[in-house]
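Quick caveat, the model's predicted, so the values are computed rather than measured. In what follows, residues are counted from 1 in the order of the sequence shown.
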Amino acid sequence: CAQRALQDNRFDLDPLWTGGAGYGEGTSPDDWQIAVLRPGLDAAPVFLGDSDAADRHPDVIIDGAGRTHVVWDSKALLAAGANLRILAAVRAPTAADFSSAQAVAETPAASARRPRLGLDGQGSARLNWFDSRSADWRWRVMHAAYDGAQWGAGSLLDGPGVNTCLAGAVE
């Protein structure tokens, strides 16, 4: 059964409202959550993420073992000065719920965003994302593999220039 993941801000106090000059408090950024939909199986979406973080840009895939992987970027509810990190949750084929969110290759001094999932030739989940931890602070692409229990530490796919192409996570 196909699965979809999307960002949803129905729980934000002021959805899509960040206030204005001299009036309104608003929330900046909005309190996005990750909603996972399984058409025909769930009457309501399953919400993932942290209730006090902006969780956005999800991706979802089902690996060769039938596990559903959901990844997204997340940051504290601050308009500026907060680095994003990649979070991941997994649901086994027979499990009712997703695992608790796990940070993937987190480094507080760097920002990670826009995760994308793919499968390798054996059907194992792979993950790519943009990351700012390179020596010269240019955005690079990082890669991690799921080993059947957790995501690996991740490795920087380094090269000249700013690497910004994420076509898929196939290794």
Side-chain angles (χ1 to χ4, degrees), residues 1-8 32-42 44-50 53-76 82-171:
C1 181
Q3 307 228 352
R4 295 181 299 150
L6 53 99
Q7 62 191 53
D8 184 305
W32 295 98
Q33 298 301 304
I34 302 305
V36 181
L37 308 169
R38 296 190 312 163
L41 297 178
D42 289 335
V46 174
F47 287 95
L48 303 173
D50 193 344
D55 298 305
R56 305 170 306 158
H57 308 121
D59 200 13
V60 62
I61 200 167
I62 298 174
D63 70 16
R67 292 178 291 253
T68 302
H69 298 268
V70 181
V71 295
W72 63 94
D73 59 43
S74 180
K75 78 173 213 165
N83 283 329
L84 283 82
R85 62 187 183 147
I86 303 298
L87 296 178
V90 180
R91 178 168 41 197
T94 58
D97 296 317
F98 280 91
S99 65
S100 296
Q102 169 193 355
V104 179
E106 184 174 24
T107 299
S111 196
R113 62 181 62 205
R114 300 285 183 163
R116 292 295 173 258
L117 289 165
L119 299 174
D120 67 13
Q122 290 73 46
S124 298
R126 299 290 187 247
L127 171 62
N128 286 347
W129 68 93
F130 292 128
D131 199 284
S132 68
R133 74 182 76 199
S134 65
D136 61 5
W137 283 90
R138 293 183 186 185
W139 286 98
R140 302 287 196 223
V141 176
M142 285 204 60
H143 170 81
Y146 189 77
D147 68 6
Q150 65 184 2
W151 286 99
S155 59
L156 186 64
L157 302 177
D158 209 3
V162 179
N163 299 323
T164 58
C165 179
L166 287 177
V170 177
E171 185 176 86

* Asked: Which atoms form the tightest heavy-atom contact between Trp151 and Ala144, and what is the distance?
  -> CZ3-O, 3.6 Å
* Asked: Shortest non-hydrogen contact from Ala145 to Arg126?
  -> CB-NH1, 3.0 Å
* To do: Have a look at Thr107 and tell me which of Met142, Arg133, Arg85 forms a side chain to side chain contact (heavy atoms under 4.5 Å, CB included) with it.
  => Arg133
* Asked: Is a side-chain N or O of Gln33 found less than 3.5 angstrom from the main chain of Asp50, in a donor-acceptor match?
  -> yes
* Would you confirm whether Ser132, through its side chain, and Ser111, through its main-chain N or O, come within 3.5 Å as a donor-acceptor pair? => yes
* To do: Taking the side chain as every heavy atom from C-beta outward, state whether Asp59 and Pro115 have any pair of such atoms under 4.5 Å apart.
  => no
* Given Arg56 and Leu84, is the side-chain contact (heavy atoms from CB on, under 4.5 Å) satisfied, shown in steps? -> CA-CA 10 Å; Arg56 305 170 306 158; Leu84 283 82; 3.5 Å; yes
* Report the C-alpha separation of Val71 and Trp129 in whole Å, then their side-chain angles, then the decisive distance to 0.1 Å, and conclude whether the side-chain contact (heavy atoms from CB on, under 4.5 Å) test is met. => CA-CA 10 Å; Val71 295; Trp129 68 93; over 6 Å; no
* To do: Taking all heavy atoms of Ala112 and all of Ile86, pick out the closest pair and write down the distance.
  => CB-CG1, 3.6 Å
* To do: Drop me the distance from Ile34's CD1 to Asp55's CG, to the nearest 0.5 angstrom.
  => 5.5 Å
* Asked: Going from CG on Asp131 to NE2 on His143, what distance comes out if it is rounded to the nearest 0.5 angstrom?
  -> 13.5 Å
* **Within-4.5 Å side-chain heavy-atom neighbours: Arg67 and Pro93** => yes
* Find the distance between NZ (Lys75) and CH2 (Trp32) and round it off to the nearest 0.5 Å. => 13.5 Å
* Heavy-atom pair of closest approach, residues Leu37 and Pro45 -> CD2-CB, 3.3 Å
* Heavy-atom closest pair, residues Ala109 and Asn83 -> C-ND2, 3.6 Å
* Which heavy-atom pair separates Ala89 from Leu48 by the least distance, and what is that distance? -> CB-CD1, 4.1 Å
* Would you call Arg113 and Asp73 a salt bridge, taking side-chain N to carboxylate O under 4.0 Å as the test? -> no
* Under the side-chain contact (heavy atoms from CB on, under 4.5 Å) rule, collect the residues that match up with Ala101, sequence neighbours excluded. => Trp72, Leu87
* When rounded to the nearest 0.5 angstrom, what is the spacing between NE2 in His69 and CZ in Phe98? -> 10.0 Å
* Structure fact -> When rounded to the nearest 0.5 Å, the distance separating CG of Leu127 from CG of Leu117 is 5.5 Å
